[in-house]
**Student:** 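Pasting a structure below so you can have a look.
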Amino acid sequence: MNARIPAHHPRRPRHRLLLAAAACAGLVATAAGPATAAAPHAAPAAAALQQVMFVGNNWEGTVDVIRPSGTFAKIGRINAIPDRDQRLMDIYLDPVKLIYFLGIRSGPGEGHDQFVDDMYTTPDGSALVASRPSFADVVSLDIATGQVKWRFAVSGYRSDHMAVSPDGTKVAVSASTSNTVHVLDINTGRQVGSFKTGDKPHENIFSKDGRFLWNMSIGEVNNNFDDPSLDFLKGDRHITIADLSNFSTRTIDMRSRLDAAGRSDLSDAVRPAVFTPDERTLYFQVSFFNGFAEYDVASDRVTRVKTLPKNPATSEDRTTWVNDSRHHGLAMSPSGSKLCVAGTMDDYVTIVDRATLNQGPLVTASKPYWATVSGDGRSCVISESGADVVSAIDFTTGRKVATVAVGDHPQRVRIGQVPVGWTGTGR
């Protein structure tokens, strides 16, 4: 099909690094510690809940709350960094933390701090739990007051993608510099277990029964050894599957599976991924690739690979692609018949028929960074991080049906719940 590839959008200028001075001596321990809680307060009475959608504005440190379908109108906002001054003081007083903090700004942050990556609500809608990469932590924010209820410092120096268990009681977070996934009690922040991964753990997916957790490690995206001949310098990249009943693990290395499928040219760094409703098939994106692969779980093999169009305006210099990802964002319609693909560096989003792998229209989008499903299941909702908006793409027509302005550099978008009548707590 002759699909139009949208024009490339201009990139944001990089901010100059601001060097912070610290007058201190000695290093502070960096191993993950127990969650620290704010002063206790009376538990609120149970409230009627409404479904909403959360949009994490990574560079701004805010979370916009919008309608989960229909108009996707904005409801309110949460400040994800109410303790910013305290956290910055802690970083400035530790030379090692400061080095990593500035490294995150100049590396994955593209010249900006990363203040909110991922977020989920507790089952009762009383708190929003968010990972904050630059602060290397996960916090629980009181929906009513906006204050920190508990804080968990991850091992190492950066927190990343999360996942919530099907029953809503546990949240998993990738600690990307320590190659660890922490599994926490979502209500208390206490760690219930952890497991080791490959280099730079990234995406997390719970099985439908909550017993297994799949983690995808993406390797050393912070270096510029991006030429295929230097692939061996990208580190250990594999899928780690943890049995959460005892935290035993097994691994899947997609290198041999991709080779067997005749795609030795593709990276084995698995990025966003999504299971079919029956969990028999996994679709996943990999670093540097404009497309995705299909993996049959039972036979343990890659069965199909879909290559999507390139935008001719996109530079072929891999070092210019954000954190090694050419395409980053994948969602599936509730029926399992359609895939929604965010063509990040190619500035489009498209709906793909899962049976035929034929793509629909290439819908112009400004650096789409994530894809999820609307509350009513009719649309794919993407974050357009280059334009500070979220947009809804109709699964049936493949056309854009709504766009809503949000904060600076939206990334993760998640469904959750807040009390009926809630209108926000933050700036």
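Below, each value reflects all heavy atoms present in this structure, side chains not excepted, and no hydrogens, waters or symmetry copies.
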**Student:** Determine whether the aromatic ring centres of residues His182 and Phe152 are separated by less than 6.0 angstrom.
**Tutor:** yes
**Student:** Determine, for Phe288 and Arg318, whether the Lys NZ or Arg CZ falls below 6.0 Å from the six-membered ring centre while staying within 45 degrees of the axis.
**Tutor:** yes
**Student:** May I ask you to decide whether Arg105 forms a salt bridge with Asp113, counting only side-chain N to carboxylate O separations under 4.0 Å?
**Tutor:** yes
**Student:** Under 6.0 Å between the ring centres of Phe212 and Phe206?
**Tutor:** no
**Student:** Starting from the C-alpha separation in whole Å, work towards a yes-or-no answer on side chain to side chain donor-acceptor pair (under 3.5 Å) for Lys196 and Thr180.
**Tutor:** CA-CA 5 Å; Lys196 286 296 185 180; Thr180 301; 2.9 Å; yes
**Student:** Check each of Glu384, His409, His328 against Lys367 using the side chain to side chain donor-acceptor pair (under 3.5 Å) test, and report the only one that passes.
**Tutor:** His409
**Student:** Quick check, are the ring centers of His161 and Trp370 under 6.0 angstrom apart?
**Tutor:** yes
**Student:** Got a salt bridge between Lys234 and Asp324, using NZ or NE/NH1/NH2 to carboxylate O under 4.0 Å?
**Tutor:** yes
**Student:** Just say parallel, tilted or perpendicular for the rings of Phe135 and Phe115, cut-offs at 30° and 60°.
**Tutor:** tilted
**Student:** Hey, does the side chain of Ser165 reach the backbone of Lys170 with a donor-acceptor pair shorter than 3.5 angstrom?
**Tutor:** yes
**Student:** Between Asp346 and Arg326, does any NZ, NE, NH1 or NH2 come within less than 4.0 Å of an OD or OE carboxylate oxygen?
**Tutor:** yes
**Student:** Going by distance alone, is a donor N or O of one side chain under 3.5 Å from an acceptor N or O of the other, for Asn246 and Ser248?
**Tutor:** yes
**Student:** Using a 3.5 Å distance criterion without hydrogens, assess whether the side chain of Ser140 forms a donor-acceptor pair with backbone atoms of Lys149.
**Tutor:** no
**Student:** If I compare all heavy atoms of Arg67 with all of Met53, which pair ends up nearest, and what's the gap?
**Tutor:** O-CB, 4.2 Å
**Student:** Does the pair Lys200/Asp236 count as a salt bridge with the N-to-O cut at 4.0 Å?
**Tutor:** no
**Student:** Can you name the one residue among Thr240, Asn179, Asn204 that meets side chain to side chain donor-acceptor pair (under 3.5 Å) with Asn215?
**Tutor:** Asn204
**Student:** Is a salt bridge present between Arg158 and Asp160, judged by a nitrogen-to-oxygen distance below 4.0 Å?
**Tutor:** yes
**Student:** Salt bridge between Arg190 and Asp185, side-chain N to carboxylate O under 4.0 Å?
**Tutor:** no
